[in-house]
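Shown next, in structure tokens, is the structure this report addresses.
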There are 2 protein chains.
Amino acid sequence: MTEFSLPPIQTTARDDAVLKALAGFVMREKLEPGERLPTERILAERLKVSRNTVREALTRWEGLGLVERRQGSGTYLKAAVSLDMLHMPLTLAGGNDFTGLMRTLEIRRALEAEAAALCAIRADEDDLAEIERKLDIMEEEFLSRAGMSSEEDWEFHQAIYRACGNPLFEQIIAAMHELFHRFWEHPLGVRDFGHASFPYHRTMFNCIAAHDPEGARAEALKLIATVEDDLKRGAANLKLSDRK
Amino acid sequence: MTEFSLPPIQTTARDDAVLKALAGFVMREKLEPGERLPTERILAERLKVSRNTVREALTRWEGLGLVERRQGSGTYLKAAVSLDMLHMPLTLAGGNDFTGLMRTLEIRRALEAEAAALCAIRADEDDLAEIERKLDIMEEEFLSRAGMSSEEDWEFHQAIYRACGNPLFEQIIAAMHELFHRFWEHPLGVRDFGHASFPYHRTMFNCIAAHDPEGARAEALKLIATVEDDLKRGAANLKLSDRK
DNA sequence: GTGTAGAAATTGGTTGGACCATTGAACCAC
DNA sequence: GTGGTTCAATGGTCCAACCAATTTCTACAC
């Protein structure tokens, strides 16, 4: 057979066109997350399509987490929208809770280590100051409440991702973080979860501040390793309690 | 059409309930990717909801890539579906230039190395055979056409992600791959792009087959490094041609 | 004036029915 | 067999209502 390429033609693509028009509108109006966009009825009228078509398009955006609908109130932008976005829904199927948690951690281990190394290379003085500020807050919280505060801990890590010079790290790890916490409905009966990871936050920062990428990578790996250990401990507890 | 049972829906939050009922149906009937599911009209009738509601639910699944609709033909399952799936939409915005390409490569460097290492630990005989098969095809293509074939190359890498035991790797790296190729409209004037990466495919596979995770990681890093070099070379060319 | 309960308007959610566009299979002429 | 034609099935779009949650306005009591 002769090889030749013919891209499939696209005749009807109403709702896609609606989404593109909407994305253009959002950009023109400089709508930011939290703002309300026009009602479905108005959109249907302006775009000369039926309200049903508008709804199907908005349903797609809602599924992607770009938009939130509140009955009786309106449709609100949930994230920045631009025309050149790539949407890639991650689906993590099956397995028990423990497996899912470990899988998100495997991704995070790879990215966290790389982000820390890149950060050690690229962070400037301002970045370092911001990271250390978040670290101080976290440590204070830890010492005063005698336990890890996942909120302040997450702030610290995010500061690193932002300083590493590649916004993709923050976006992907944030997705992993959310996936992790969605699995995290049953705390697996682990007390002092994350406790062991505490000291590595400071050592990792020290390596970053010293512009030592390999050291930062090593400390990041140790940090994640303690979390994985906690998780395994929890899984073991769970199996034990299942037995009785 | 096979006989099936679907209980009617009960309260509000219809389309969510529709999806749950549909997921249950797919599991009961053991539908596999590629198979056709009932028509919208039949689903509406069985579930005692309007066809529009069924359509909104299916639109959500379509947005998640779980299902594909073909007008005049039907709605087909595109991926395995189970009740305990978690979906995490990942939307990536990129600058479409050299910087964007390098950013996708930074993510890929981190994940590719980790996936190779995990694969070296976990791959069984069948996985290894499949990977080597893809590798042979790629090498043959390379030698016969005297150049990298991005299609066969990608197949090889995907086989590794699948064998690493964590489906998130394949999904996230696929997103990076798509982002990369969306920027890749102008090949930056680099001839023999990817040529230098060729030998490392075999060496990486050898490490995986020998269950040597750190070796596999090292070879993966070398492989990505050659691609990054090609890219930098291309960027330099581009700047040069801009000058004149 | 102030506060609050209730009515009215607004807005997303759902329904049912209609028609269009595409597909695929059965059928037919050649 | 090849190439049309017909026709039923199916997803895509549209319309005009009505439902349910929310917000806004208004009238009334104090």
Side-chain angles (χ1 to χ4, degrees), chain A residues 1 6-22 25-26 29 31 33-78 81, chain B residues 1-4 6-22 25-26 29 31 33-78:
Chain A
M1 170 180 303
L6 275 178
I9 63 171
Q10 196 70 303
T11 55
T12 53
R14 284 270 219 283
D15 46 357
D16 248 1
V18 167
L19 281 189
K20 215 154 71 171
L22 240 186
F25 171 78
V26 169
E29 297 291 318
L31 290 189
E35 294 197 65
R36 214 187 73 171
L37 31 87
T39 72
E40 297 176 350
R41 289 172 174 85
I42 292 184
L43 286 175
E45 180 191 352
R46 293 283 204 286
L47 295 170
K48 297 290 184 216
V49 296
S50 92
R51 192 176 150 220
N52 247 329
T53 305
V54 172
R55 280 187 61 76
E56 292 227 357
L58 286 179
T59 299
R60 295 242 282 270
W61 268 15
E62 189 185 25
L64 291 170
L66 292 176
V67 117
E68 178 186 351
R69 291 152 131 178
R70 290 207 285 271
Q71 184 174 174
S73 176
T75 304
Y76 298 83
L77 213 54
K78 249 177 81 178
V81 167
Chain B
M1 159 124 354
T2 55
E3 174 155 3
F4 59 94
L6 280 177
I9 296 300
Q10 297 177 1
T11 57
T12 52
R14 315 278 200 170
D15 48 354
D16 249 357
V18 167
L19 282 188
K20 213 148 69 173
L22 240 188
F25 168 75
V26 169
E29 297 292 320
L31 291 189
E35 293 197 64
R36 214 187 74 170
L37 21 88
T39 72
E40 297 177 350
R41 288 173 175 87
I42 293 184
L43 286 175
E45 180 191 353
R46 294 286 204 286
L47 295 168
K48 299 288 185 224
V49 296
S50 92
R51 192 178 148 218
N52 264 332
T53 305
V54 171
R55 281 188 59 77
E56 292 229 356
L58 286 178
T59 298
R60 298 243 280 268
W61 267 15
E62 190 185 25
L64 291 171
L66 294 177
V67 117
E68 177 185 352
R69 291 153 131 176
R70 290 208 286 272
Q71 184 173 174
S73 176
T75 304
Y76 298 83
L77 212 55
K78 249 177 82 177

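Since this is a predicted model, take the numbers as computed values, not measurements. In the text below, chain A, chain B and the rest are named by the order of the sequence lines, each starting its count at 1.
Side-chain nitrogen and oxygen atoms of B:Arg41 include none within less than 4.0 Å of the OP1 or OP2 phosphate oxygen of D:dA9. Considering only side-chain N and O atoms, B:Thr75 lies under 4.0 angstrom from the phosphate OP1 or OP2 of D:dG11.
Rounded to an integer number of Å, the gap from CZ of B:Arg36 to P of C:dT23 is 15 Å. We find that CG of B:Asp16 is positioned 11 Å from P of C:dG13, with the value rounded to whole Å. For the pair B:Trp61 CH2 and D:dG11 P, the computed distance is 14 Å after rounding to whole Å. Between the CG atom of B:Leu77 and the P atom of D:dG11 there is a distance of 14 Å, given to the nearest Å. The distance from atom CD1 of A:Ile42 to atom C1' of C:dG12 is 13 Å, rounded to the nearest whole Å. Atom CD in B:Gln71 sits roughly 6 Å away from atom P in C:dT22 (whole-Å rounding). Counting to the nearest Å, the C1' atom of C:dT10 and the OH atom of A:Tyr76 are 11 Å from each other. Separating the CD atom of B:Glu40 from the P atom of C:dT15 is a distance of 14 Å, rounded to the nearest angstrom.
With sequence neighbours left out, A:Arg46 forms a side chain to side chain contact (heavy atoms under 4.5 Å, CB included) with A:Ile42. Partners of B:Glu68 by salt bridge (charged side-chain N to carboxylate O under 4.0 Å, His left out), not counting sequence neighbours, listed by chain and number: B:Arg70. Legend: residues meeting salt bridge (charged side-chain N to carboxylate O under 4.0 Å, His left out) with A:Arg60, ordered by chain and number and at least two apart, are A:Asp15, A:Asp16. Taking the salt bridge (charged side-chain N to carboxylate O under 4.0 Å, His left out) definition, one finds that B:Glu62 meets it with B:Arg69, sequence neighbours left out. Listed by chain and number, the residues in a salt bridge (charged side-chain N to carboxylate O under 4.0 Å, His left out) with A:Arg51 are A:Glu40 (sequence neighbours excluded).
For A:Arg69, whose side chain is taken as the heavy atoms from C-beta onward, the closest listed nucleotide among D:dG11, C:dG13, C:dT11 is C:dG13.
In this structure, B:Leu58 and B:Val67 approach most closely via the heavy-atom pair O-CG1, 4.3 Å.
Side-chain atoms of A:Arg55 never come within 3.5 Å of backbone atoms of B:Glu56 as a donor-acceptor pair (strictly under, hydrogens ignored).
At a non-hydrogen distance threshold of 4.0 Å, A:Arg51, A:Arg55 from residues 43-60 of chain A come into contact with DNA chain C.
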